[in-house]
Amino acid sequence: MLFKTKKKRVCVIGLDGVPHGLLVRLAEDGVMTAAAELIRHGHLGRMRASLPEISAVSWTDFMTGLDAGGHGIFGFTDLKPGGYDLRFPNFRDVKAETFWDALGRAGKRSIVVNQPSTYPARPIPGSLVSGFVALELARAVSPSSHLAALNKMGYRIDIDTLRARDDAAFFWSDLEKTFDAGLKALDYFWNQDWDYFEFVVTGTDRLHHFHWTALEDSGHPFHGRAMDYYRRVDALIGDAAGRLDSLSGGRGAFFVLSDHGFTGIDQEVSLNAWLERRGFLEFAPEAERNLTAVASRSRAFALDPNRIYLNRRGRFPAGSVGEADVAGLKEELISSLSELEHGGRKVVRKVFDAGEIYHGPYANLGPDLVVLAEPGFDLKGSTKKKEVFGRTPGLEGMHTWDDAVFLAPEECGEDLKISDLAKIISSSYHKG
């Protein structure tokens, strides 16, 4: 049942991995005409993503208004306490409330569809459909009363990324089918009672990872298909903005945002291979190359994608770094990484000390350093690689940090980061 009360409503469209420069270009070139209209009447700004600049952290920053030190999610993977074994954090591990919870205490209902890093779905004041990485739809929907409708419409959480990497025909077909299913879900949930509505498009990120060059090269065989996909994304944006205006009697607030930027990959960079080559990391002889085989002489190791942990005594079983050595080791790592080059090009843009970027009660659970690469150098934390530089077939695009987008009805301040948006969006209920 559609509630037609002309109350203040807020709608957010998330475009996973869309960089500022690409959105501006597509708006100016006439591909995204609805976005261009919103830009003309509002404000489009560049925004910093999380560090590391990945969806698991950035979307959690967004929904909590905190960085990883406040919510406890440092990546798609993390270390089990007291050792080197890996675990996969999920929505249950988020140690802070979301702004949807805060809106609920104010009597407002939220509908959130396809936001990454919300699996397994838990009750919010309204409805939630988890996005990537959701393993099964049955555990991705809250309340579960929506599950039958989603199954009936053939709702799809994400494309099959493993198959799509090696099969371009399948990629484009699966991308379209997933988008079509998302539109059906948007229609279904729009006709509920809500004060806050959020819908996230994940396909943009998938397009960028697998076919970034199709966006940049007008002569690319898939350029037309990439532009057509963005026309569909733009139509979704325009339709949602128009619906909001009608539903709220012109009192709605409409936002578009991304969780990080994107660019093409020139080289992948294995941080653990670099640490090993420079003598910071050793693996136990004859052991399988993984973190559980870190030798006691090791002083540092990396976790995907660009997190460096000091092998501290008291934190890790084979810890060799005492507290008195921490500052000097950090300086040594920062200096060495800053000198890393490939083909005469600087690889590392900046190395952040954890104290610069993490704030809150869980900051000590994260890495000691976070490495930010220059555009084109995709940092990886694999322990299997023995060469520092290389390429993975089928991957063309990589995440970037400081060119995410935030399109708002009005200017919302300079030097924005994604954790600022919860407060900005929530405060829009008190305007107009």
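Scope of the values below: all heavy atoms of this structure, side chains included, with no hydrogens, waters or symmetry mates.
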Is there side-chain contact between Leu244 and Arg9, with heavy atoms separated by less than 4.5 Å?
yes
Check: His223 ring centre within less than 6.0 Å of His211 ring centre:
no
Is there side-chain contact between Glu176 and Tyr229, with at least one heavy-atom pair below 4.5 Å?
yes
Is there a donor-acceptor pair closer than 3.5 Å between any side-chain N or O of Lys346 and the backbone N or O of Ser338?
yes
Under 3.5 Å: donor-acceptor pair, side chain of Asp78, backbone of Pro89
no
Please tell me if the side chains of Val129 and His146 come closer than 4.5 Å, counting only heavy atoms from C-beta onward.
no
Do Glu374 and Val348 make a side-chain contact, defined as non-hydrogen atoms from C-beta onward lying under 4.5 Å apart?
no
Check the side chains of Asp304 and Thr77 for a donor-acceptor pair under 3.5 angstrom, ignoring hydrogens and angles.
no
So which heavy atom on Leu23 is nearest to which on Ala35, and how close?
CD1-CB, 4.3 Å
Minimum heavy-atom separation for Val371 and Leu379, please, with both atom names.
O-CD1, 3.3 Å
Can Lys423 be said to sit on top of Phe99's aromatic six-ring, NZ or CZ under 6.0 Å from centre and within 45° of the ring axis?
no
Looking at Ser50, Ser117, Ser55, which hits side chain to side chain donor-acceptor pair (under 3.5 Å) with Asp259?
Ser55
Salt bridge (charged side-chain N to carboxylate O under 4.0 Å, His left out) filter on Asp195, not counting sequence neighbours, yields Lys7
Under the rule for salt bridge (charged side-chain N to carboxylate O under 4.0 Å, His left out), what residues qualify as partners of Asp239, not counting sequence neighbours?
Arg243
Just wondering, more than 12 heavy atoms not from Lys385 lying within 6.0 Å of its NZ?
no
Show your working on side chain to side chain donor-acceptor pair (under 3.5 Å) between Asp16 and Ser258 and close with a plain yes or no.
CA-CA 5 Å; Asp16 201 297; Ser258 65; over 6 Å; no
Do the side chains of Trp59 and Thr118 get nearer than 4.5 Å, heavy atoms only?
no
If the plane angle is over 60° it's perpendicular, under 30° parallel, otherwise tilted; pick one for Phe197 and Trp194.
tilted
Sequence neighbours excluded - salt bridge (Lys or Arg N to Asp or Glu O under 4.0 Å) pairs with any residue from residues 117-140:
Asp101-Arg122
Do the rings of His208 and Tyr230 sit parallel, tilted or perpendicular, given the 30° and 60° boundaries?
parallel
Looking only at heavy atoms, what is the nearest atom pair of Trp212 and Gly264, with distance?
NE1-N, 3.3 Å
Taking the six-membered ring for Trp, are Phe406 and His20 closer than 6.0 Å centroid to centroid?
no
So which heavy atom on Asp61 is nearest to which on Ala68, and how close?
OD1-N, 3.8 Å
Both conditions, 6.0 Å and 45 degrees, for the charged tip of Arg206 above the ring of Phe132: are they met here?
yes
If I compare all heavy atoms of His260 with all of Asp205, which pair ends up nearest, and what's the gap?
CE1-OD2, 3.4 Å
Taking Arg391 first and then Asp266, would you say they form a salt bridge - that is, a charged N and a carboxylate O separated by under 4.0 Å?
no
Any side-chain heavy atom of Ser127 within less than 4.5 Å of one from Pro143?
yes
Polar contact flag, side-chain donor to acceptor under 3.5 angstrom, Glu53-Asn306:
yes
Taking every heavy atom of Thr292 against every heavy atom of Asp85, the minimum-distance pair comes out as CG2-OD1, 3.1 Å
N-O pairing of Asp228 and Arg231 below 4.0 Å:
yes
Under 3.5 Å, is there a donor-acceptor pair between the Asp403 and Thr400 side chains?
yes
Under a 4.0 Å threshold between the charged nitrogen and the carboxylate oxygen, would Asp402 count as salt-bridged to Arg349?
yes
CA sep, side-chain torsions, deciding dist, call: Leu128, Val141, side-chain contact (heavy atoms from CB on, under 4.5 Å):
CA-CA 6 Å; Leu128 170 65; Val141 183; over 6 Å; no
Any side-chain heavy atom of Leu247 sitting closer than 4.5 Å to one from Trp190?
yes
Are Lys108 and Tyr196 in a cation-pi setup, meaning NZ or CZ lies under 6.0 angstrom from the ring centre and within 45 degrees of the ring axis?
no
State yes or no: are the ring centers of Tyr84 and Phe301 separated by less than 6.0 Å?
yes
Is there side-chain contact between Pro367 and Phe74, with at least one heavy-atom pair below 4.5 Å?
yes
For the residue pair Tyr362 and His71, is the inter-centroid distance of their aromatic rings smaller than 6.0 Å?
no
